[in-house]
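Each remark here refers to the structure printed beneath this line.
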Amino acid sequence: MKIEVTGLKKAFGSREVLKGLNLEIEPGAVSGLVGPNACGKTTLIKCILGLTIPDSGEILIGGKSIQGDWDYRRKIGYMPQNPNFPPNLTFVELLEMLEDLRGEGRSEKCEELVKYFDLEDSLHKPFSTMSGGTKQKCAAVAAFMFDPEILILDEPSVGLDPIAAVKLKDLILDSVKKGKSVLLVSHIMTEVEQLVSRMVFLLDGESAFSGHVNDLRKQTGEDKLENAIVKMMSSSRGQA
Amino acid sequence: MKQFLTLLKYELLNVLRGRWLFFYTLLFSGVSYAIAKLGGDSMKAALSLLNMVLLVTPIVSILYSAIYWYNSDGFTTLLLTQPLRRWGIFASRWIAISLTLSLCFVVGTALPFVIDKTLTGAIINLLLMGTGLTFAFTSIGLLVSVIFNDRMKGIGAAFLLWFYFSIVHDGLVFLTMVIFREYPLEKPSMALVASNPIDLTRIMLLMKFDVAALMGYTGRVLQRFFSNNWGYWATLLVLLLWIIIPLAASIRRFNKKDF
Amino acid sequence: MGRSSENSQRQLIFKFLLFIFFLAHISIPAAAKELTVCPTCDLKTPQEAYAKAQDGDRILIKPGTYIVHGFNIEKSIDLIGEGEPTFDGQTPPGHMIQISKPNVKIQGIHFTNAGNSTVNDLAAIYVNETEKCFIADNFIENSFFGIYIAGSKSCTILNNKILGPNRIESESGNAIHIWKGEDMSIVNNITTGHRDGIYFEFVSNSRIGGNYSHHNQRYGLHFMFSNNNEYRKNRFTHNGAGVAVMYSKKIMMQENEFSDSWGPSAFGLLLKDIYDSKIEKNYFTKNTIAVYMEGSNRSILSENNLTDNGWALRVMGNCEDNHFTLNNFVNNTFEMSTNSSSNYNTFHRNYWSSYEGYDLNRDGLGDIPYRPVKLSAVMMEKFGLSFLLIKSLFLTIADKAESLFPSLTPENLYDDEPLMKEF
């Protein structure tokens, strides 16, 4: 499912964060969302999720505007950075609640994913007793369990042990093969290099680059993606 | 609708986890029991009960709802990323808090009287009004929480609002009466009193408790207001407004809020 | 022999003459008659029997309904009803029975339909300028004045039930009305439904006890210029304006009940220009104002219970030298209010339920004096609408704050040794 963002503007008080952003997230690919700190990455994601309401502009998902809509979130799986689960809730309670709230009955993928990430022992543990990494894995299960068309992953590998990180990577690639749209925010360059095929480069609330990774390499003249990104960031600072 | 009820279920479960609720119930039963035993049937006991209810329910409701809101910030964000209506998230929380607090209050206060079989119509009235106040101040507390992003500011504002409704408002009314004593003040005074849910509840319950010994000294408007059920229903109506209007404002605010 | 027999003869004659002398002076009363009246007897009406009666006779009236009005009793007779016969006045233009001779007894009769007039004072029983009448056990219903006594003394009104027609105040008379009386006994009557239950003007040295005066339009008891009377164990409840007593001295009121007088002009007990009196051991409950005193001096109010009233005491500034002691003030909304900042009365050792002082030396007396006039009471005087703030947190705090630094409440109105427990 395609995400189209047109002319997105958002200001917090006097501070303009998004200044007329245009971009597209294509299905069947992992789009990396990159940019320096405070460039509007988080705000963009929040706008897509409906957590933040933009001042103007349009966001279309699957061709439909999300403005005023809440049901579209059915199609989105979200892995937040530092998931903030209710501390007294157990993992299984959370899963049941999510299923219950959605009203679609039990998720078949759920059990699979719990096994996949070795979380069976953690099912009846309250979140307050979990390590950061375990919570992260739980967040992954929650994001993928309804087999959503769109996956928005914000720094998903941070805190994951190497095995889990690999498993997540495989899961992401698998989803892409099935035609899902994945929006990945990450600072881990190796991860970006491995997963990302499209890139959205945000600078100062605007899209400095949106397209295939190879085009970025050409534009910056750098072969290694990491260098290409660095060059983009520093050149912008030079311009600014 | 089903979505809303499911949400409500989970919100209730979440609220009921709170350990303070038990102490809240215990507080009311303790005081209610003490008053019943020491005062018995007398008006003095009834007045003590009245004062306790008018003092405790607003502050507990407003502070509990604000603190609960800020504490469940993560939960709120989680819910917001799910395919759920925004207003449903808010309203279910409002109901969960109001209902739970009211239940604690009613059960706690009524228990000693039910056991003793001394439950009177006056006490039932008191329970009804106290519940109304709980709902109203939960609405106000949540409104404050939605407006203020900062936890400290929000809870501080909640406390200040309670302070205003409990004490400052009456001080201002009093000042108005003193300064404008040359003017006909009956209707404006009634309006001022109606604008404070605590005052309104207090007067209505005092009338029911028969401190109407003083009715001889009120003007005709007041007398008419209190002498028949017109005043009683008007009080309920105003309380209802105090419940609904802050709630509506909160939901509007919540719908547009950035998280 | 001649002389002693002459002596004893003379003695005998003397004794015989003495005997005759005494005989002449012993008035052997003619035997008192009892005349019976009943619908089927020879004497069919009380009036018929009365015509035949003499002083000292007894007229016994059997059950039945007899038309009685304008019946002037000018003989010292007893009119006794057996089985409560009914005297129907048929709303006459005059009194039903008028008594103007002493030693008349009216007992056990049901009076109804007495005369009604707002111009003349018509009564069921009217006693005029006589003494020693005895009116007992009657049921007087639907009269303008029930029993009206003028200019008489030493009468007894006992155990009567006087039920008025409950008309509006301007069209009602009083149940028991005495104008100019002395040495009266008004005991155990029930007076209700009239303008005033018991009304005295210029009545003295009388005893009023055990009466139940309730639900009258105006006063349960109202007297003026009536000194040296004793009021004991009466009950005055639910009267439109309570009880008002004025312009009298040396009154004793003991163990009476004053309750349920509501409204701006109703008082449990209003004392106006009352001097040198004693108000003791009475019960004042659920009145708007329990005791109101104006222009009254040198009286003692002690051992009374004032409970659940709006204002317990309202003492105007023109009262002096009254002494309040050993009273229990329990759960009144305002314990006391006054219209002046000076106080010429004393308060000593009363129990005040709002007193929050301590008693460190455990002598049962509070260690700090108590000022019963609160800020909120003063404010209610000046700004009647502040009633709306009653029992609010603000006013409660203001009261407490002000009592610590009295500036708006009368400073020298205090009980120097308040009791820690009810007396």
Side-chain angles (χ1 to χ4, degrees), chain B residues 39 42-48 50-51 54-55 58-59 162-163 165-181 184-194 196 198-203 205-207 209-219 221-223 225-226, chain C residues 240-242 259-268 284-290 292 306-312 314 329-335 337 352-354 375-402 408 422:
Chain B
S42 73
M43 198 152 47
K44 183 161 191 182
L47 283 176
S48 304
L50 171 71
N51 283 327
L54 288 182
L55 184 66
I59 193 172
W162 168 80
F163 190 68
F165 280 117
S166 275
I167 301 178
V168 175
H169 178 98
D170 285 339
L172 290 176
V173 170
F174 184 67
L175 221 66
T176 314
M177 284 177 184
V178 171
I179 294 178
F180 294 105
R181 62 178 171 279
L185 277 183
E186 229 174 77
K187 294 222 177 92
S189 301
M190 284 300 301
L192 281 174
V193 163
N196 181 341
I198 298 183
D199 271 347
L200 201 59
T201 323
R202 175 171 51 80
I203 293 190
L205 287 171
L206 282 180
M207 289 301 117
F209 278 148
D210 234 6
V211 177
L214 307 174
M215 257 173 46
Y217 272 74
T218 65
V221 171
L222 295 173
Q223 206 154 27
F225 180 81
F226 293 124
Chain C
S259 60
D260 292 292
S261 307
W262 299 112
S265 38
F267 306 91
F284 298 87
T285 316
K286 293 199 165 58
N287 304 289
T288 298
I289 299 179
Y292 177 100
L306 300 95
T307 310
D308 288 342
N309 302 290
W311 282 261
R314 197 161 152 66
F329 294 87
V330 178
N331 196 34
N332 302 290
T333 307
F334 294 116
E335 277 159 342
S337 80
W352 311 86
S353 66
S354 313
L375 175 69
S376 35
V378 173
M379 288 304 146
M380 267 290 290
E381 288 289 321
K382 295 203 182 142
F383 315 105
L385 277 173
S386 56
F387 155 83
L388 287 172
L389 298 178
I390 265 197
K391 300 284 172 211
S392 66
L393 202 52
F394 166 73
L395 221 48
T396 311
I397 294 179
D399 272 347
K400 290 214 209 295
E402 201 274 348
L408 294 168
E422 277 187 47

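Letters A, B, ... mirror the listed sequences (proteins, then strands); counts begin at 1.
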Query - Results of ring pair (Phe, Tyr, Trp, His ring centres under 6.0 Å) for B/F165 - residues two or more places apart only - result: B/F137, B/W242

Query raised in the report: When rounded to the nearest 0.5 angstrom, what is the spacing between CZ in C/F394 and CD1 in B/I198?
Result: 14.5 Å

Report summary line: So CG of C/L389 and CD1 of B/I203: to nearest 0.5 Å the spacing works out to 7.5 Å

Query - Region of C/S353 in contact with chain B, defined by heavy-atom distances below 4.5 Å - result: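 Looking at C/S353, backbone and side chain both touch chain B.
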
Query raised in the report: Can you name the residues that form a side-chain hydrogen bond (donor to acceptor under 3.5 Å, both in side chains) with C/T307, not counting sequence neighbours?
Result: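 Applying side-chain hydrogen bond (donor to acceptor under 3.5 Å, both in side chains) to C/T307 gives none.
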
Report task. Indicate the atoms forming the closest heavy-atom contact of C/K391 with B/R202, along with that distance. Result -> O-CD, 3.6 Å

**Report entry** Pairs of heavy atoms under 4.5 Å with chain C: top-ranked of B/D199, B/V173, B/V178, B/L55
**Finding:** B/V178

Query raised in the report: Are B/D170 and C/L393 close enough that some pair of their side-chain heavy atoms sits under 4.5 Å apart?
Result: no

